[in-house]
Peer 1: 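Please read through the structure below; I'll follow up with questions.
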2 protein chains.
Amino acid sequence: MKPIDPIEVFKALSNEARLQILEWLKDPKAHFGPQGGVDLIEIGVCVSQITAKLNMTQSTTSQYLSVLQRAGLVHATRLGKWTYYRRDEEAIQEIASYIQHDL
Amino acid sequence: MKPIDPIEVFKALSNEARLQILEWLKDPKAHFGPQGGVDLIEIGVCVSQITAKLNMTQSTTSQYLSVLQRAGLVHATRLGKWTYYRRDEEAIQEIASYIQHDL
DNA sequence: TTGACATATCGTAAATCATCGATATAATGG
DNA sequence: CCATTATATCGATGATTTACGATATGTCAA
C-alpha cells in the first residue's frame, strides 16, 4: 500500500458529493438495495446504484469515484460488467491519525 | 464556538502552503524567532514572520491565514500593529474525530 | 458476431482557486 | 498631523475544479 498524500486526500474530501458517497459507503446496507448475490460489505456498491442516489450523471459519478480511489479512500473491484466500490477503512483511519498527530 | 464545516476545513487543508503554515504553528519556537515580549505559544506568530518563511507575498500570506481562520483552524489576536495567529488545537482534534467516527 | 448494458474517458464551459501587485486601513512614534 | 510599519482588501489573470454530454471500452447473452 502506497503512502497517502494528505493534499490529494484533502482535495478529494473537499466536495460535497464525494463526501456524501463516502458516508453512504460507510453503511451500504442502510443506503443501497441488495444487488444480486454480491456482498455489499465485502465487495461494495456498483456505480449505477451510487449514480441513482447522487443527483448527478453516470459520468460525474464515475469520475468522483476515481478521485476517491486515487486518494486511496476507496477500493474498486470489477466483477463482470459491474465495478463495485467500497471504503478503505484503514486509509481513512490513517488520515484521522495524520491530523491528530502530525498536522 | 460555531460548529465546524468539514468541507470548508478540507478546502483550507487542500493547499501545500496552508498546510505548511499549520505545521509551523504547531511548534512556533522551533520555526520562528522570538518577537518582542510576546509569548509565541499563548498568542501566536505575526503575519510578517510567517510571510518571511513562506515564499510568498504578504498579501497571499494574509489571505491564507484568513482562510485558515474562517475554517476555524487558527485564531487571530491583534496587539498593536501586529496580528498574531495560533492554531486552534481543539478544532483540529475535532476534525480528526470527525474523520475517525463520522465520515 | 451483435446488441445491450455498465463503466470509463474525452472534450468543454462555467465556477472557483492561487497568487500577485496595488492600494486601503490601522496603529505607533515623533 | 505625518511618516512609517503591519496587515487587510481589491482587482486581475492563469490554473484547477465542477459537471455535463458524447463517445469509447469491456462484458455478457443470444
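Throughout, protein chains are lettered first and strands after them, A, B, ... in sequence-line order, and every chain is numbered starting at 1.
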Peer 1: Using a heavy-atom cut-off of under 4.0 Å over every strand shown, decide if B:S62 touches base, sugar-phosphate, or nothing.
Peer 2: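 Here B:S62 touches the bases of the nucleic acid.
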Peer 1: Taking the nucleotide of DNA chain D with the closest heavy atom to each, which residue, A:Q58 or B:R78, is nearer the 5' end?
Peer 2: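 Closer to the 5' end of DNA chain D: B:R78.
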Peer 1: Hydrogens and angles aside, do B:S62 and B:S59 bring a side-chain donor and acceptor to less than 3.5 Å of each other?
Peer 2: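 No - no donor-acceptor pair under 3.5 Å links their side chains.
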Peer 1: Any side-chain heavy-atom pair from B:H75 and B:T77 closer than 4.5 angstrom?
Peer 2: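 Touching, per the 4.5 Å side-chain cut-off.
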Peer 1: Quick check: are there more than 12 heavy atoms from other residues, nucleotides or ligands sitting under 6.0 Å from CG of B:N55?
Peer 2: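 For B:N55, atom CG is not crowded (no more than 12 foreign heavy atoms under 6.0 Å).
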Peer 1: Any heavy-atom pair between the side chains of B:I99 and B:F10 that's under 4.5 Å?
Peer 2: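 The answer is yes; the side chains approach within 4.5 Å.
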Peer 1: Pick out the pairs of N or O atoms, protein on one side and nucleotides 28-30 of chain D on the other, that lie under 3.5 Å.
Peer 2:
none

Peer 1: Quick one, which residues of residues 25-33 of chain B touch DNA chain C with a heavy atom under 4.0 Å?
Peer 2: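 Under 4.0 Å from DNA chain C: no residue of residues 25-33 of chain B.
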Peer 1: Does a side-chain heavy-atom distance below 4.5 Å link B:V74 with B:L22?
Peer 2: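 Result yes, sub-4.5 Å side-chain heavy-atom pair found.
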Peer 1: Tell me, for nucleotides 14-21 of chain D in 5' to 3' order, what letter each nucleotide earns: B for a base near a protein heavy atom under 4.0 Å, S for only sugar-phosphate near one, - for neither?
Peer 2: ---SSSBB
Peer 1: Report yes or no: do B:T51 and B:S48 form a side-chain donor-acceptor pair below 3.5 Å?
Peer 2: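 No pair is found: no donor N or O on one side chain lies under 3.5 Å from an acceptor on the other.
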Peer 1: Taking salt bridge (Lys or Arg N to Asp or Glu O under 4.0 Å) as the test, write out the residues that go with A:R87, two or more places apart.
Peer 2: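 For A:R87 the salt bridge (Lys or Arg N to Asp or Glu O under 4.0 Å) partners, ignoring immediate neighbours, are A:E89.
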Peer 1: Any side chain to side chain donor-acceptor pair (under 3.5 Å) pairs touching residues 20-34 of chain A, not counting sequence neighbours?
Peer 2: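 Sorted result for residues 20-34 of chain A: A:E23-B:Y98.
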Peer 1: When you compare the side chain of A:Y64 with that of A:N15, does any pair of heavy atoms fall below 4.5 Å?
Peer 2: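 Side-chain contact under 4.5 Å: yes.
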Peer 1: Can you give the first and last nucleotides of DNA chain C, 5' to 3', that have an atom under 4.0 Å from a heavy atom of chain A?
Peer 2: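 Range of nucleotides touched by chain A: C:dC5 to C:dC10.
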Peer 1: Could you tell me whether A:Y84 contacts a base, only the sugar-phosphate backbone, or nothing, with contacts defined as non-hydrogen atoms closer than 4.0 Å?
Peer 2: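 Contact class for A:Y84: none.
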Peer 1: Determine the sole option in B:I4, B:L13, B:D88 for which the side chain to side chain contact (heavy atoms under 4.5 Å, CB included) test with B:L73 is passed.
Peer 2: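 Between B:L73 and the candidates, side chain to side chain contact (heavy atoms under 4.5 Å, CB included) is satisfied uniquely by B:L13.
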Peer 1: Flag yes if B:V67 and B:L25 sit in one hydrophobic cluster, no otherwise; membership is Ile, Leu, Val, Met, Phe, Trp, Tyr, and two members link when side-chain heavy atoms are under 4.5 Å apart.
Peer 2: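 Shared cluster, no.
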Peer 1: So, does A:R78 use its side chain to make a donor-acceptor pair with the main chain of A:G80 at under 3.5 Å?
Peer 2: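 Yes, because the side chain of A:R78 sits within donor-acceptor range (under 3.5 Å) of the backbone of A:G80.
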Peer 1: Decide yes or no for A:P34 and A:L40: does some side-chain heavy atom of the first lie under 4.5 Å from some side-chain heavy atom of the second?
Peer 2: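 With C-beta onward as the side chain, the pair stays apart.
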